[in-house]
Amino acid sequence: MIKIVTGYSEKGGSTSAFIDLTNELNKRGYDTTFYGPHNFHIGKCKSDMLNNIVIKENDILICHFLQLPNRPPAKKVILHCHEKWWFKVGEVKQYWDEVVFLHDAHREYHNDYKGEYSIIPNIKPDLKPIEKNELELIAGIIGAIEDRKQTHKSIQRAMADGCTKIKLFGHISDQPYYEKYVVPVLTDEVELIGYTNDKQVIYDSIGRVYHSSKGEVACLVKDECYLTNTKFFGNEETENKVSELTNNEIINKWIKLFGL
């Protein structure tokens with residue numbers, strides 16, 4: 001069995017990426033379960049809570065956002081990194097056989113890590129493009145409302161560009177930040193919608209996205225904009241190229257890494 005184990009399974013980009021990876025592997029006949037400490041992932045893929053995991057010697061283990069004292073007793077242990085400064089791989093005691101980074105710039109950021117690694121991008125979600133002529137000046141800001149995402153700066157940028165409507169798609173994960181920085185820039189044109197499960201509904205309702213994060217690795221929102229014919233306005237944190245690999249090619253990289 002393949003077991004994906006994370007220290008964070010609440011709403012967020014890495015959780016969505018692991019849900020998609022779990023579903024793609026199972027679709028191709030590789031028995032995969034996603035384990036996490038929060039219940040957001042439950043029911044969205046083959047999943048369970050972290051405290052229910054039992055690791056067996058023939059398992060392939062994909063670990064994320066965990067610092068473990070020793071190598072788990074599995075056939076292969078892979079660290080799948082989705083972070084920058086908030087999880088510095090080179091400073092973590094190595095309990096894995098190999099690391100997976102998301103792209104070359106991500107690997108370069110963690111260049112103090114000297115061990116084995118592979119580069120595999122995230123699975124692409126199943127999203128479709130539509131014509132957006134009438135949505136040109138309707139902006140979306142997608143992601144958790146928190147200091148790291150700098151939601152208020154995205155609002156200000158969208159306003160400065162003349163957007164007639166700004167929709168906030170994300171849960172408030174930092175209430176003090178929200179009250180101090182976001183509430184003062186809320187207007188009749190800025191609508192707090194909250195977290196929305198159906199991404200197609202999100203992208204069918206907007207023509208552009210603003211992203212101002214001060215800590216981003218492989219921006220899933222940028223990938224989703226590319227797939228849905230949505231204009232993307234990012235910053236220096238989101239300059240990574242959108243991967244051109246198909247999901248089949250991405251899964252084949254994983255299977256090769258597993259040694260299956």
Legend entry - Any donor-acceptor N or O pair under 3.5 Å, side chains Y210, D161: yes

Legend entry - Distance in Å, W96 CH2 paired with R71 CZ, rounded so as to fall on 0.5 Å steps: 12.5 Å

Legend entry - side chain to side chain contact (heavy atoms under 4.5 Å, CB included) partners for Y178, two or more places apart: I145, I172, Q175, V182, V183, L186, L192

Inset, instruction - Tell me whether the centres of the aromatic rings in Y8 and H64 are closer together than 6.0 Å. - result: no

Inset, instruction - Measure the shortest side-chain to side-chain distance between E189 and T164 over non-hydrogen atoms and say whether it is less than 4.5 angstrom. - result: no

Legend entry - CD1-CD distance between I78 and E98, expressed to the nearest 0.5 angstrom: 7.0 Å

Inset, instruction - Identify the residue among N26, T22, T32, D31 that makes a side chain to side chain donor-acceptor pair (under 3.5 Å) with K46. - result: D31

Legend entry - In one Ile/Leu/Val/Met/Phe/Trp/Tyr side-chain cluster, 4.5 Å: I141, V185: yes

Legend entry - Backbone of G234 reached by a side-chain donor or acceptor of H211 within 3.5 Å: no

Legend entry - Working for side-chain contact (heavy atoms from CB on, under 4.5 Å), residues V190 and M159: CA-CA 9 Å; V190 181; M159 287 178 170; 3.6 Å; yes

Inset, instruction - State yes or no: are the ring centers of H110 and F101 separated by less than 6.0 Å? - result: yes

Legend entry - Linked, directly or transitively: L260 and I123 (ILVMFWY side chains, under 4.5 Å): yes

Inset, instruction - Check whether any side-chain N or O of N235 sits under 3.5 Å from a backbone N or O of S213 as a donor-acceptor pair, and report yes or no. - result: yes

Inset, instruction - Report yes or no: does T246 contribute a side-chain atom to a donor-acceptor pair with the main-chain N or O of E249 at less than 3.5 Å? - result: yes

Inset, instruction - State yes or no: do L127 and V242 share one hydrophobic cluster built from I, L, V, M, F, W and Y residues joined by side-chain heavy-atom distances below 4.5 Å, directly or via other members? - result: yes

Legend entry - Expected output: side-chain N52 to main-chain D48 donor-acceptor under 3.5 Å: no

Legend entry - salt bridge (Lys or Arg N to Asp or Glu O under 4.0 Å) partners for D204, two or more places apart: none

Legend entry - K124 side chain vs L245 backbone, donor-acceptor pair below 3.5 Å: yes

Legend entry - Any K167 side-chain heavy atom under 4.5 Å of F169 side chain: yes

Legend entry - Under 3.5 Å donor-acceptor, Y177 side chain and T151 backbone: yes

Inset, instruction - Answer yes or no: is there a side-chain heavy-atom contact under 4.5 Å between T6 and F34? - result: yes

Legend entry - Verdict with reasoning, M49 to H41, per side-chain contact (heavy atoms from CB on, under 4.5 Å): CA-CA 9 Å; M49 300 303 293; H41 65 306; 4.3 Å; yes

Legend entry - S212 versus R157, side-chain donor and acceptor atoms under 3.5 Å: yes

Inset, instruction - Might you confirm whether atom OH of Y226 has over 12 heavy atoms from other residues, nucleotides or ligands at distances under 6.0 Å? - result: no

Inset, instruction - Kindly indicate whether the side chain of L25, heavy atoms from C-beta on, has any atom under 4.5 Å from the side chain of I255. - result: yes

Legend entry - Note, Y203 side chain near I142 side chain (heavy atom, < 4.5 Å): yes

Legend entry - Heavy-atom check, side chain of I206 versus side chain of L135, under 4.5 Å: no

Legend entry - Under-4.0 Å salt bridge between E136 and K132: no

Inset, instruction - Treat each ILVMFWY residue as a node, draw an edge where side-chain heavy atoms are under 4.5 Å apart, and state whether I250 and I4 are in one component. - result: yes

Legend entry - Value rounded to 0.5 Å, distance of CD in E179 from CG in D174: 9.5 Å

Legend entry - Salt-bridge contact K3-D59 (side-chain N to carboxylate O under 4.0 Å): yes

Inset, instruction - Identify whether the distance between the nearest side-chain nitrogen and carboxylate oxygen of E24 and K27 falls below 4.0 Å. - result: yes

Legend entry - Student check: side-chain heavy atoms of V100 and I62 closer than 4.5 Å: no

Inset, instruction - Validate the cation-pi geometry between R148 and W86: distance from NZ or CZ to the six-membered ring centre under 6.0 Å, angle to the ring axis within 45°. - result: yes

Inset, instruction - State, yes or no, whether a side-chain contact exists between R208 and F232 at a heavy-atom distance under 4.5 Å. - result: no

Inset, instruction - Would you confirm whether D198, through its side chain, and Q200, through its main-chain N or O, come within 3.5 Å as a donor-acceptor pair? - result: yes

Legend entry - Note: D147-K214 ion pair, threshold 4.0 Å (strictly below): yes

Inset, instruction - Starting at CD of E191, measure out to CD1 of I193 and round the result to the nearest 0.5 Å. - result: 4.0 Å

Legend entry - Short N-O contact, K199 and E224, less than 4.0 angstrom: yes

Inset, instruction - Measure from the side-chain N and O atoms of K128 to the backbone N and O of T228, and report whether any donor-acceptor pair falls under 3.5 Å. - result: no

Inset, instruction - Determine yes or no for a side-chain-to-main-chain donor-acceptor pair under 3.5 angstrom, with T15 supplying the side chain and K11 the backbone. - result: no

Legend entry - Close aromatic pair by centroid cut-off 6.0 Å: W254 and H80: yes

Inset, instruction - Hey, could you give me the CD1/OH distance between I55 and Y35, rounded to the nearest 0.5 Å? - result: 9.0 Å

Legend entry - Any donor-acceptor N/O pair, S16 side chain to G13 backbone, under 3.5 Å: no

Inset, instruction - Kindly indicate, with the supporting measurements, whether the criterion side-chain contact (heavy atoms from CB on, under 4.5 Å) is fulfilled by I138 and S205. - result: CA-CA 8 Å; I138 299 178; S205 71; over 6 Å; no

Inset, instruction - Might you work through the ring pair (Phe, Tyr, Trp, His ring centres under 6.0 Å) test for H82 and F87, ending with a clear yes or no? - result: CA-CA 8 Å; H82 282 247; F87 192 89; over 10 Å; no

Inset, instruction - Say whether V209 and L227 are linked into one hydrophobic cluster, either directly or through other cluster members, by side-chain heavy-atom distances under 4.5 angstrom. - result: yes

Legend entry - Ring-face cation contact, Y117 with R107, 6.0 Å cut, 45° max: yes

Legend entry - Cation-pi, F40 ring and K44 (6.0 angstrom, 45 degrees): yes

Legend entry - Inter-residue atom distance N70.CG - Q94.CD, 0.5 Å rounding: 12.5 Å

Legend entry - Salt bridge flag under 4.0 Å for residues E237 and K84: yes

